Amino acid sequence: MTAQIINGTLLSQQLRADVSRRAAALAAEGAQPGLAVILVGSSPASQVYVRNKVKACEDNGVYSVLEKYDADMSEAALLERIAVLNRDARIHGILVQLPLPPQIDAHKVIEAIAAEKDVDGFHVSNAGLLMTGQPLFRPCTPYGVMKMLESIDYRVRGAHAVVVGASNIVGKPQAMLLLQAGATVTICNSKTRDLGHHTRQADILVVATGKRNIVTADMIKPGAVVIDVGMNRDDNDKLCGDVDFANAKEVAGFITPVPGGVGPMTITMLLVNTLEAAERKAASQPERASKQ
Ligand code: NAP
C-alpha cells in the first residue's frame with residue numbers, strides 16, 4: 001500500500017485565498033490586518049523564516065512591518081519596542097522570532113506581548129486558554145496539523161493520537177488540540193521507553209523532535225496518518241523530516257512530505273491568526289473601523 005500524500009502547499013494555497021478575501025473585506029472597512037515581525041540578530045535560518053512570513057503577508061493583503069535589531073540589543077530595549085507595538089492600532093499580531101540571544105529572556109518577552117496580539121499563541125494566558133478548552137490563538141504549527149487532518153476528513157474523535165515531542169510550541173499544544181478534538185492522546189519525549197511500542201498504536205502519529213529518521217516504517221501502524229513536523233538536513237544537505245518517508249509511505253495510509261507538508265501550513269496559520277485578531281478587533285469597534 002502506498003500512502004496518500006497530504007499536500008501542505010496545496011492546502012495552504014486554498015487557505016491563503018480565503019485569508020486574502022477576508023483581509024480585503026477588512027481593508028475596505030479601514031481595518032486591514034497587520035503583523036509586526038521582530039528579528040534580533042542575524043541567524044541565517046531566522047532571516048529566511050522572517051522573510052517568508054513578511055512575503056506571505058504581502059502576498060495576501062496583510063500589512064506587515066519587519067523590525068531587525070543587532071544581536072547585542074538589550075532586553076529592556078526589546079520590551080520597549082513590544083510596548084510600542086502593543087499600542088499600535090495598525091498592528092493586530094506581534095511575532096518575535098525565536099531563538100533570542102542569551103542576554104534576552106524569551107519568556108519575559110513573550111509575556112510582554114499583549115495576549116490579544118500574541119499570534120504565535122505562546123503567551124501563558126493563551127496557553128492557559130488552550131489548556132482549558134477556550135483557545136484564543138492556537139499555536140500555528142499544531143493548528144496547521146489540525147487543518148491537515150480536517151482536509152482529509154479524518155475522524156479524530158475516538159482515534160488514538162500519539163505525539164512524539166513535547167515542546168511548548170509544537171508537541172504540548174498539539175496534544176491539547178487533538179485531545180479537544182476527541183482523540184485519546186499519548187505524548188512521548190526523549191525519556192520515553194520503547195518509542196515504537198507507543199507509535200505502533202497510533203491511528204494519528206505526529207512527530208516533532210528534530211531527530212532525523214526517529215520514526216521508521218516498522219514503528220507505524222498500517223494505514224495510520226503520519227504527520228511529520230521535523231525539519232532536518234540529510235547527508236546531501238537536503239531538507240528532510242523526522243520520519244523515514246521513503247519506507248514509511250509504504251505502510252501509512254496518509255503521510256505528509258518534507259518539504260511541502262507542515263512547513264507551509266505554519267506560515268499560513270500565522271496569517272489566519274493575524275486575520276482573526278483583526279476581525280475580533282473590528283467586531284469590538286465596528287464604528288471606528290467604518291470611519292477609518
Ligand atoms: P524542541 O523544542 O527541541 O523539542 C523536541 C522535543 O522532542 C522534546 O520534547 C524532546 O523531548 C523530544 N525528543 C527528542 N528526542 C526524542 C526521542 N529520541 N524520542 C522522543 N522524543 C524526543 O523542538 P520543537 O521546537 O518542538 O521542534 C521539533 C522539530 O520540528 C524541529 O525539527 C523543528 O525544526 C521542527 N519544527 C517545524 C516547524 C514547521 O513549520 N514545519 C515548526 C516548528 C518546529 P524532551 O522534552 O524530553 O527533551
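Keep in mind the model is a prediction, meaning the values are calculated, not measured. Atoms within each ligand, like the ligands themselves, are counted from 1 in listed order.
In this structure, atom 36 (N) of ligand 1 has a protein heavy-atom contact shorter than 4.0 Å.
Where the criterion is an N or O separation shorter than 3.5 Å, residue side chain and backbone included, A166 meets it with respect to ligand 1. On a distance-only criterion, N189 and ligand 1 share at least one N/O pair closer than 3.5 Å. In terms of polar-atom proximity, defined here as any N/O pair under 3.5 Å, M231 does make such a contact with ligand 1.
Protein heavy atom at the shortest distance from atom 41 (N) of ligand 1 is V229 O, 3.4 Å. Among protein heavy atoms, the minimum distance from atom 18 (N) of ligand 1 is reached at I214 CD1, 3.2 Å. Scanning all protein heavy atoms for the shortest distance to atom 25 (O) of ligand 1 gives I169 CD1, 3.5 Å. Of the protein's non-hydrogen atoms, S167 CB, 4.1 Å is the one closest to atom 1 (P) of ligand 1. Closest to atom 27 (O) of ligand 1 among all protein heavy atoms lies V170 CG2, 4.4 Å. Of all protein heavy atoms, the one lying nearest to atom 16 (C) of ligand 1 is S190 CA, 3.6 Å. Atom 40 (O) of ligand 1 has T266 OG1, 2.7 Å as its closest protein atom, hydrogens excluded (heavy atom only). Of all protein heavy atoms, the one lying nearest to atom 42 (C) of ligand 1 is T141 OG1, 3.2 Å.
Atoms of ligand 1 found under 4.0 Å from any heavy atom of A208 (numbered from 1 in listed order, with element): 5 (C), 6 (C), 7 (O), 28 (C).
More than 12 heavy atoms of other residues, nucleotides or ligands lie within 6.0 Å of CZ in R233, so this atom counts as buried by the packing criterion. Within 6.0 Å of CE on M73 lie more than 12 heavy atoms contributed by other residues, nucleotides or ligands.
The closest non-hydrogen atom to atom 7 (O) of ligand 1, taken over L195, T209, V215, T199, comes from T209.
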